[in-house]
J.: 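Sharing a structure below in structure tokens format, with a few things to ask.
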Amino acid sequence: MTEGAGIRTGGDAGELPDDLTAAEAGMWQAFRNGSVYDLSCGDTVVDDPHGGHPWGPSRTVRARIVAWLLLAGPPALSGRVASLKLAGVQISGSLDLAGGTVVPYVEMKRCRFEREVRLPEARFATLRMVDCSVPRLEAARLHTEGDLHLPRCRFHNGVRLTDAHIGTDLLLNQAIVYRDRTGRSIAADGLTVGQDLQAELLESHGELSLRSAKIGVSLSLRGARLANPYTRLALNAPQLTVERSLYLTPAGVGGQALSGTTPARGTRIQRFECRGGVRLDDGRFGDAVDLERARFAFTEDQELSLRRVQTSELRFLGEQPGRGKVVLSGARVVNLVDRASAWPGPGSLHMGGFAYENLVPQGPFSLADRLRWVAAATAEYAPEPYERLAAVLRAGGEDEDAREVLLAKQRRRRETLPPAAKLWGYAQDWTVAYGYRPGRAAVWMAVLWAVGSLAFAHAAHPAVDPGGHPPWNPALFALDLLLPVIDLGQVGQWQLRGGWQWLSAALVLLGWVLATAVAAGATRLLRRG
């Protein structure tokens with residue numbers, strides 16, 4: 001006789017062990033046969049693993065018998081593949097497979113675990129737990145060659161997948177996870193997933209932690225609801241790497257909704273909602289970060305933090321957060337797809353050093369709105385956001401809009417200057433719009449020339465040298481006063497007295513102001529070029 005898990009077995013490895021309950025004996029035979037072992041009674045209320053209806057001994061197997069089958073089970077029957085496929089079964093005790101290598105295929109549907117499932121450093125080919133009730137899943141450094149499926153499961157004290165390696169897909173669709181003693185719902189720092197991590201319609205009550213995780217294809221949180229009223233962060237994922245896209249978008253609800261696809265028209269949808277801070281600092285996303293219709297509910301000290309994120313496309317198309325902050329400082333984006341109504345107001349947006357190459361607005365987003373967007377992000381004057389916006393507009397062939405942005409930059413800068421410099425700034429603005437509207441100088445010159453010509457036509461103008469002077473020409477006299485560096489031979493030939501002297505002095509002064517403003521504007525334009 002040999003011993004295994006405290007149960008006596010006969011000499012034949014395929015012989016049914018002694019001391020098994022009827023439910024365990026049936027499970028043993030189903031394992032050898034590779035068939036589904038279903039103890040459901042057919043009553044949906046009774047069979048609900050998350051309900052309160054008790055399951056008696058007829059539906060209960062011991063966790064150590066399950067572990068025995070998986071780690072050192074009997075051989076398969078001839079022509080069969082040994083596998084553990086349970087449905088509607090209650091597992092008593094703690095299922096502990098720590099450090100073990102599980103070769104058989106494992107699938108558990110609508111099962112109820114009385115105590116935690118322990119899988120740290122275990123190795124599986126594929127593990128599927130579907131619609132199960134689990135007090136806690138402890139699976140740090142778990143390794144699977146294929147999938148880890150946990151859809152529709154409920155975890156009452158959290159899930160730990162720290163440094164786990166999932167060969168293909170990790171599925172958490174419609175799972176409900178409550179926090180553990182540390183406040184985390186899912187602790188998956190350092191997680192590696194070979195293909196997709198799908199957590200669509202996930203309910204997370206606590207902190208979802210994905211620090212330094214690596215996802216081989218896409219990470220989908222479509223329709224997920226994350227809530228963490230206990231600490232600042234509901235999604236904590238700095239240094240997250242996703243080879244393709246991160247989806248914080250709506251998901252279709254109902255049997256016809258297909259996972260990973262855009263819900264068809266008429267399908268009832270559930271938006272991504274987050275009640276708590278989001279931290280995606282230093283993340284790398286190959287294709288996109290998609291926030292289509294995402295809804296964030298922050299407190300004053302919480303934020304959507306995208307510091308130093310790098311992605312080909314940022315789709316900032318969610319609802320405007322009522323409180324909290326949006327931080328894009330140091331982020332680098334190729335395409336910024338956004339709408340005016342998605343951005344928060346002044347004091348709630350920070351994007352110092354935010355670099356983007358193309359603007360793709362969805363819906364109306366006027367230049368005035370875009371300038372308000374920049375102003376909202378700069379509580380104090382900073383030139384870089386204006387210069388970045390101007391460069392993007394200029395690259396898109398919108399030179400006039402680019403000049404308007406740079407003009408707005410100068411006007412914003414003027415607010416920070418001392419009084420004398422501020423007055424000079426107003427003079428440049430009124431005359432030539434800081435050089436960005438040089439045609440305005442010609443208009444001012446024409447107006448002053450016309451006014452001066454009409455006025456001097458009625459002025460007394462005795463000659464300085466009665467014997468030799470040109471004919472009196474009020475238009476040339478006014479123009480000679482306005483052009484400070486050109487001598488038309490009029491000003492030195494005539495004497496003006498009283499108010500006419502003051503008018504001529506005013507025209508000289510205004511001429512110098514115009515010339516200096518034009519020179520300053522030209523210098524600025526040349527420096528920009």
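Each residue takes its place number in the sequence, starting with 1.
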J.: Between Glu303 and Lys325, does any NZ, NE, NH1 or NH2 come within less than 4.0 Å of an OD or OE carboxylate oxygen?
T.: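 Result for this pair is no, no salt bridge flagged.
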
J.: What distance separates Arg222 CZ from Thr249 OG1, expressed to the nearest 0.5 Å?
T.: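 That separation rounds to 4.5 Å.
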
J.: Show which side-chain atoms of residues 84-95 pair as donor or acceptor with protein atoms under 3.5 Å away, not counting sequence neighbours.
T.:
residue	atom	partner	partner atom	Å
Lys85	NZ	Gly34	O	3.3
Gln90	NE2	Trp55	O	3.2
Gln90	NE2	Thr60	OG1	2.9
Gln90	NE2	Glu114	OE2	3.4
Ser92	OG	Val61	O	3.4
Ser94	OG	Glu116	O	3.1

J.: Are Glu398 and Leu359 close enough that some pair of their side-chain heavy atoms sits under 4.5 Å apart?
T.: no

J.: Quick one: which residue pairs count as a side chain to side chain donor-acceptor pair (under 3.5 Å) with a foot in residues 98-108, not counting sequence neighbours?
T.: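 For residues 98-108: Tyr105-Glu107, Tyr105-Arg128.
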
J.: Could you measure the distance from the CG atom of Leu248 to the CG atom of Leu291? Nearest 0.5 Å is fine.
T.: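 So the gap between those two atoms works out to 5.5 Å.
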
J.: Measure the spacing between CD of Glu357 and CG of Leu336 and express it to the nearest 0.5 Å.
T.: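 Those atoms lie 11.5 Å apart.
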
J.: Between Arg112 (side chain) and Asp48 (backbone), is there a donor-acceptor pair under 3.5 Å?
T.: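 It does hold such a pair.
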
J.: Under a 4.0 Å threshold between the charged nitrogen and the carboxylate oxygen, would Asp338 count as salt-bridged to Arg370?
T.: yes

J.: Fit a plane to each ring of Trp373 and Trp343, take the angle between them on a 0 to 90° scale, and name the class: parallel (under 30°), tilted (30 to 60°) or perpendicular (over 60°).
T.: tilted

J.: Look at Arg123 together with Glu145 and state whether they make a salt bridge at an N to O cut-off of under 4.0 Å.
T.: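 A salt bridge links Arg123 with Glu145.
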
J.: Answer whether the closest heavy-atom distance between the side chains of Leu314 and Tyr356 falls below 4.5 Å.
T.: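 Leu314 does not reach Tyr356 side chain to side chain.
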
J.: Kindly indicate, with the supporting measurements, whether the criterion side-chain contact (heavy atoms from CB on, under 4.5 Å) is fulfilled by Leu226 and Phe272.
T.: CA-CA 8 Å; Leu226 313 183; Phe272 171 84; 3.9 Å; yes

J.: Quick one: does any side-chain atom of Gln270 pair with a main-chain N or O of Gly223 as donor and acceptor, under 3.5 Å?
T.: yes

J.: Quick one: which of Gln302, Arg307, Arg308 gives a side-chain hydrogen bond (donor to acceptor under 3.5 Å, both in side chains) with Ser305?
T.: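 With Ser305 as partner, side-chain hydrogen bond (donor to acceptor under 3.5 Å, both in side chains) holds for just one option, Arg307.
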
J.: So, Gln195 versus Thr168: side-chain donor-acceptor pair below 3.5 Å or not?
T.: no

J.: Which value, rounded to the nearest 0.5 Å, describes the distance between Asn173 atom CG and Cys153 atom SG?
T.: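 The CG atom of Asn173 sits 11.0 Å away from the SG atom of Cys153.
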
J.: Can you tell me if Arg339 has over 12 outside heavy atoms packed within less than 6.0 Å of its CZ?
T.: yes

J.: With sequence neighbours left out, write down each residue that passes ring pair (Phe, Tyr, Trp, His ring centres under 6.0 Å) with Tyr37, or none if nothing qualifies.
T.: none

J.: Could you walk me through whether Phe296 and Val326 pass side-chain contact (heavy atoms from CB on, under 4.5 Å), step by step?
T.: CA-CA 10 Å; Phe296 299 97; Val326 174; over 6 Å; no

J.: Please tell me whether His156 and Ser133 have a donor and an acceptor in their side chains that are separated by less than 3.5 angstrom.
T.: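 Per modelled atom types, His156 and Ser133 side chains form a pair under 3.5 Å.
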
J.: Salt-bridge test for Arg118 and Glu138: reply yes if a basic N is under 4.0 Å from a carboxylate O, no otherwise.
T.: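 Here Arg118 does not pair with Glu138 in a salt bridge, since their nearest N and O are not under 4.0 Å apart.
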
J.: Side-chain contact, heavy-atom cut-off 4.5 Å: Pro135 with Phe113?
T.: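 When only atoms from C-beta onward are counted, Phe113 and Pro135 do touch, with a gap below 4.5 Å.
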
J.: When you look at Leu161 and Leu148, which way does the side-chain contact (heavy atoms from CB on, under 4.5 Å) test go after all the steps?
T.: CA-CA 11 Å; Leu161 288 166; Leu148 174 60; 4.0 Å; yes

J.: Verify the distance criterion only: is there a donor paired with an acceptor across the side chains of Thr126 and Asp147 at less than 3.5 Å?
T.: no

J.: Would you say that more than 12 heavy atoms from the other residues, nucleotides or ligands in this model lie under 6.0 Å from the CZ of Arg59, or not?
T.: yes

J.: Examine distances only and state if a side-chain atom of Asp196 and a backbone atom of Ser218 form a donor-acceptor pair shorter than 3.5 Å.
T.: yes

J.: Indicate yes or no: does Glu207 engage Arg184 in a salt bridge with an N to O separation below 4.0 Å.
T.: yes

J.: CG of Asp163 to CZ of Arg141: how many Å apart, nearest 0.5 Å?
T.: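 Reported to 0.5 Å precision, the distance equals 6.5 Å.
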
J.: For Arg136, is there an ion pair with Asp180 - N to carboxylate O distance below 4.0 angstrom?
T.: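 Looking at Arg136 together with Asp180, the answer is yes, because their closest N to O distance falls below 4.0 Å.
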
J.: Has Arg225 got a side-chain atom pairing as donor or acceptor with Leu202's backbone, closer than 3.5 angstrom?
T.: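 Flag not set: sc Arg225 to bb Leu202 has no pair under 3.5 Å.
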
J.: Is it the case that His50 and Asp131 place a side-chain donor and acceptor less than 3.5 Å from each other?
T.: yes

J.: Evaluate Val289 against Phe316 for side-chain contact (heavy atoms from CB on, under 4.5 Å), listing each step before the verdict.
T.: CA-CA 8 Å; Val289 175; Phe316 202 89; over 6 Å; no

